[in-house]
Amino acid sequence: MTSDAAAVPSRVADSAFLLACRREPVPHTPVWFMRQAGRALPEYRALREGTSMLQACSTPDLVTEITLQPVRRYGVDAAILFSDIVVPLQAVGVGLEIVPGVGPVVAEPFRSAADLDRLPALTPEHVPYVAEAVRSLVGELGRTPLIGFAGAPFTLASYLVEGGPSKNHARTKALMYGEPELWSALLDRLATITLSFLRVQIDAGASAVQLFDSWVGALPAADYRTLVQPHSAHVLRGVADVPRIHFGVGTGELLHDMGSAGADVVGVDWRVPLSEAVRRIGPGKAVQGNLDPALVFASAQVLADKVHETLEQGKAAEGHIFNLGHGVLPETDPDALLRVVELVHAGFEGPSAEGR
Ligand code: CP3
């Protein structure tokens, strides 16, 4: 194992995270966690006391501090901006709230062509607090890269059309299949907003971006390709100056097409082993994932074995960024995540003789 001092790169571009995104040799497998900032951390809960989620997201000092908390505690290889996928929608005037324990709730769901007028283009003036937080973070983070992010058009459309979180995305699918022209116009608007929101973060100094299409796993691949992928591809083409990670949950059948949408790194949930994911995605991409976030509740030995298994399977990839298969669960013990980071950084060369 390399000493910490030896592993510190001189420039952010040489960080293990960005090297892995570019499929270049790494000093150790980089690791960060989706939703690494949040309720699992007591210091987060203390700071958020009395402030709503959307208020917190628009306060640069709070965004900066909350983004840094998991970097300090876990020593992860990347920070991710503290924000939410619905922040740009609220910024352009969509009435919504983030309800604790529920998620985003939209006051007036999207129903007809007239509602397109409620989705104007986003300009940097809509989100001055995002650029300010990113600039302050880039200064504080030094050689640790900052990941910017946004929601992909399908997942944003799902919240807008359903009016909130949904298991079956029934209204969304009814619109998508029943009124394909309106669907296309809606996704066009959302792609424009998402692309501008990512540009604000990149132009302020974010080193990479992740496009979250969390709920797109609800679609068959053929429909994904015709009704969703072109809009995600539009977003990803516009941010080609930084590494682009593209992730969704339950996307085993879509991995190849999500890569083709223009990702440099394809995020994989825990349902598909990384070695199989690499086969499905094909050459020329790095992968990110994919430890089941529930495994932090298992014994230390089981957790360590699963971390090692994930590292081993990740060797099939041209680049591997270790992560969970979805976000950190709020009940997670932060010490378990700290152990995961230590195990990933220590590396794994194969099963050890002892203790097996
Ligand atoms: O990863 C990070 O540390 C950055 C922060 C981040 C948040 N939301 C903060 C947040 C990121 C990357 C997101 C993206 C996001 N938001 C997604 C895509 C990622 C995924 O999980 O698939 C989605 C689908 C949303 C919508 C959303 N916002 C949900 C489902 C929730 C959880 C609702 C709940 O209370 O359980 C939110 C709220 C939210 N976003 C919280 C955080 C830390 C919890 C709110 C709180 O702490 O009060």
Side-chain angles (χ1 to χ4, degrees), residues 31-59 62-74 76 78-90 94 96-106 130 133-134 137 146-160 162-167 169 172 194 197-198 201 206 208-218 245-251 258 267-270 288-290 293 321 323-332 334 337:
V31 51
W32 69 280
F33 304 115
M34 293 185 274
R35 295 277 179 97
Q36 62 192 16
R39 281 170 293 183
L41 293 179
E43 58 270 35
Y44 170 83
R45 296 195 297 268
L47 210 54
R48 275 288 317 282
E49 191 106 21
T51 309
S52 77
M53 178 66 193
L54 286 169
Q55 233 179 310
C57 291
S58 55
T59 310
L62 274 180
V63 171
T64 303
E65 178 56 24
I66 292 173
T67 303
L68 292 173
Q69 284 176 345
V71 179
R72 287 192 203 111
R73 188 188 269 256
Y74 302 129
V76 281
I80 182 160
L81 181 72
F82 180 76
S83 186
D84 196 85
I85 58 169
V86 295
V87 163
L89 298 181
Q90 195 214 23
V94 176
L96 60 88
E97 280 185 85
I98 297 181
V99 179
V102 177
V105 175
V106 177
V130 170
V134 169
L137 275 164
L146 176 69
I147 304 169
F149 76 91
F154 175 87
T155 291
L156 291 179
S158 163
Y159 282 109
L160 279 179
E162 305 291 338
S166 164
K167 261 201 166 54
H169 309 282
T172 310
T194 285
F197 188 60
L198 290 174
Q201 298 171 65
V209 292
Q210 177 152 332
L211 185 63
F212 282 95
D213 212 349
S214 301
W215 313 136
V216 77
I245 309 168
H246 196 19
F247 167 79
V249 182
T251 50
M258 289 179 76
V268 183
D269 86 354
W270 65 92
Q288 177 175 281
N290 74 343
I321 297 154
N323 206 313
L324 303 177
H326 197 190
V328 172
L329 298 166
E331 307 79 17
T332 298
L337 291 180

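No hydrogens, no waters, no symmetry mates; every other heavy atom, side chains included, goes into these values. Indexing begins at 1, ligand by ligand and atom by atom, following the structure's order.
For atom 38 (C) of ligand 1, the closest heavy atom belonging to the protein is Ile98 CG2, 3.4 Å. When hydrogens are left out, the protein atom nearest atom 9 (C) of ligand 1 is Ser83 O, 3.2 Å; that is the closest non-hydrogen contact. What sits closest to atom 23 (C) of ligand 1 on the protein, heavy atoms only, is Ile85 CD1, 3.5 Å. Protein heavy atom at the shortest distance from atom 28 (N) of ligand 1 is Asp84 OD1, 2.7 Å. Protein heavy atom nearest atom 45 (C) of ligand 1, with residue, atom name and distance: Met53 SD, 3.8 Å. In terms of protein heavy-atom proximity, atom 22 (O) of ligand 1 is nearest to Ser214 OG, 2.4 Å.
Those atoms of ligand 1 with a heavy atom of Ile80 less than 4.0 angstrom away are 1 (O), 2 (C), 3 (O), 4 (C). Atoms of ligand 1 found under 4.0 Å from any heavy atom of Leu81 (numbered from 1 in listed order, with element): 4 (C). Of all atoms in ligand 1, listed by their number and element, those nearer than 4.0 Å to a heavy atom of Ala37 are 3 (O), 43 (C). Within ligand 1, the atoms closer than 4.0 Å to a non-hydrogen atom of Pro100 are 35 (O), numbered from 1 in the order shown. Every atom of ligand 1 is numbered from 1 in the order shown, and the set under 4.0 Å from a heavy atom of Met34 is 1 (O). Taking a cut-off of under 4.0 Å to the non-hydrogen atoms of Pro104, the atoms of ligand 1 that pass are 26 (C), 27 (C), 28 (N), 29 (C). Near Phe212, the atoms of ligand 1 lying under 4.0 angstrom from a non-hydrogen atom of the residue are 12 (C), 18 (C), 19 (C).
Remark: the backbone N or O of Trp32 is not paired with any side-chain donor or acceptor of Gln288 at under 3.5 angstrom.
The ring of Phe247 has its center no closer than 6.0 angstrom to the ring center of Phe149.
Residue Gly101 places at least one N or O, backbone or side chain, under 3.5 Å from an N or O of ligand 1. Polar contact check, Arg48 against ligand 1: a nitrogen or oxygen pair lies under 3.5 Å apart.
Put simply, part of Tyr159 is less than 4.0 Å from ligand 1, judged by heavy atoms. Within the 4.0 Å heavy-atom cutoff, Gly248 does not count among the residues contacting ligand 1.
Atom OG1 of residue Thr67 and atom CG of residue Leu137 lie 4.5 Å apart, to the nearest 0.5 angstrom. Note that the OG1 atom of Thr332 and the CZ atom of Arg35 stand 11.5 Å from one another [nearest 0.5 Å]. Interatomic distance, Leu337 CG to Tyr74 OH, rounded to the nearest 0.5 Å: 4.5 Å.
The option with the heavy atom closest to atom 43 (C) of ligand 1, from among Phe149, Phe247, Tyr44, Trp215, is Tyr44. In the candidate list Arg39, His326, Gln36, Gln210, His326 is nearest to atom 21 (O) of ligand 1, counting heavy atoms.
Side-chain contact check for Asp84 versus Pro104: some heavy-atom pair is nearer than 4.5 Å. Counting heavy atoms from C-beta on, the side chains of Val130 and Leu81 come closer than 4.5 Å.
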**OP:** Would you sort out whether Val209 and Gln201 count as a side-chain contact (heavy atoms from CB on, under 4.5 Å), showing the intermediate values?
**Re:** CA-CA 9 Å; Val209 292; Gln201 298 171 65; 5.6 Å; no
**OP:** Evaluate the side-chain contact (heavy atoms from CB on, under 4.5 Å) criterion for residues Phe82 and Gln69: first the C-alpha distance (whole Å), next the side-chain angles of each, then the deciding distance (0.1 Å), finally the verdict.
**Re:** CA-CA 10 Å; Phe82 180 76; Gln69 284 176 345; over 6 Å; no
Original post:
Should Lys167 and Glu162 be marked as a salt bridge (charged side-chain N to carboxylate O under 4.0 Å, His left out) after you check the CA-CA gap, both sets of side-chain angles, and the distance that decides it?
Top reply: CA-CA 10 Å; Lys167 261 201 166 54; Glu162 305 291 338; over 6 Å; no
Subject >> Pair Arg73-Glu43, salt bridge (charged side-chain N to carboxylate O under 4.0 Å, His left out): steps then yes or no >> reply: CA-CA 10 Å; Arg73 188 188 269 256; Glu43 58 270 35; 2.8 Å; yes
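His246 pairs in a side chain to side chain contact (heavy atoms under 4.5 Å, CB included) with only one of the listed residues (Thr251, Leu211, Val216), which is Leu211.
Under 4.0 angstrom from ligand 1, the non-hydrogen atoms of Arg35 come from both its backbone and its side chain.
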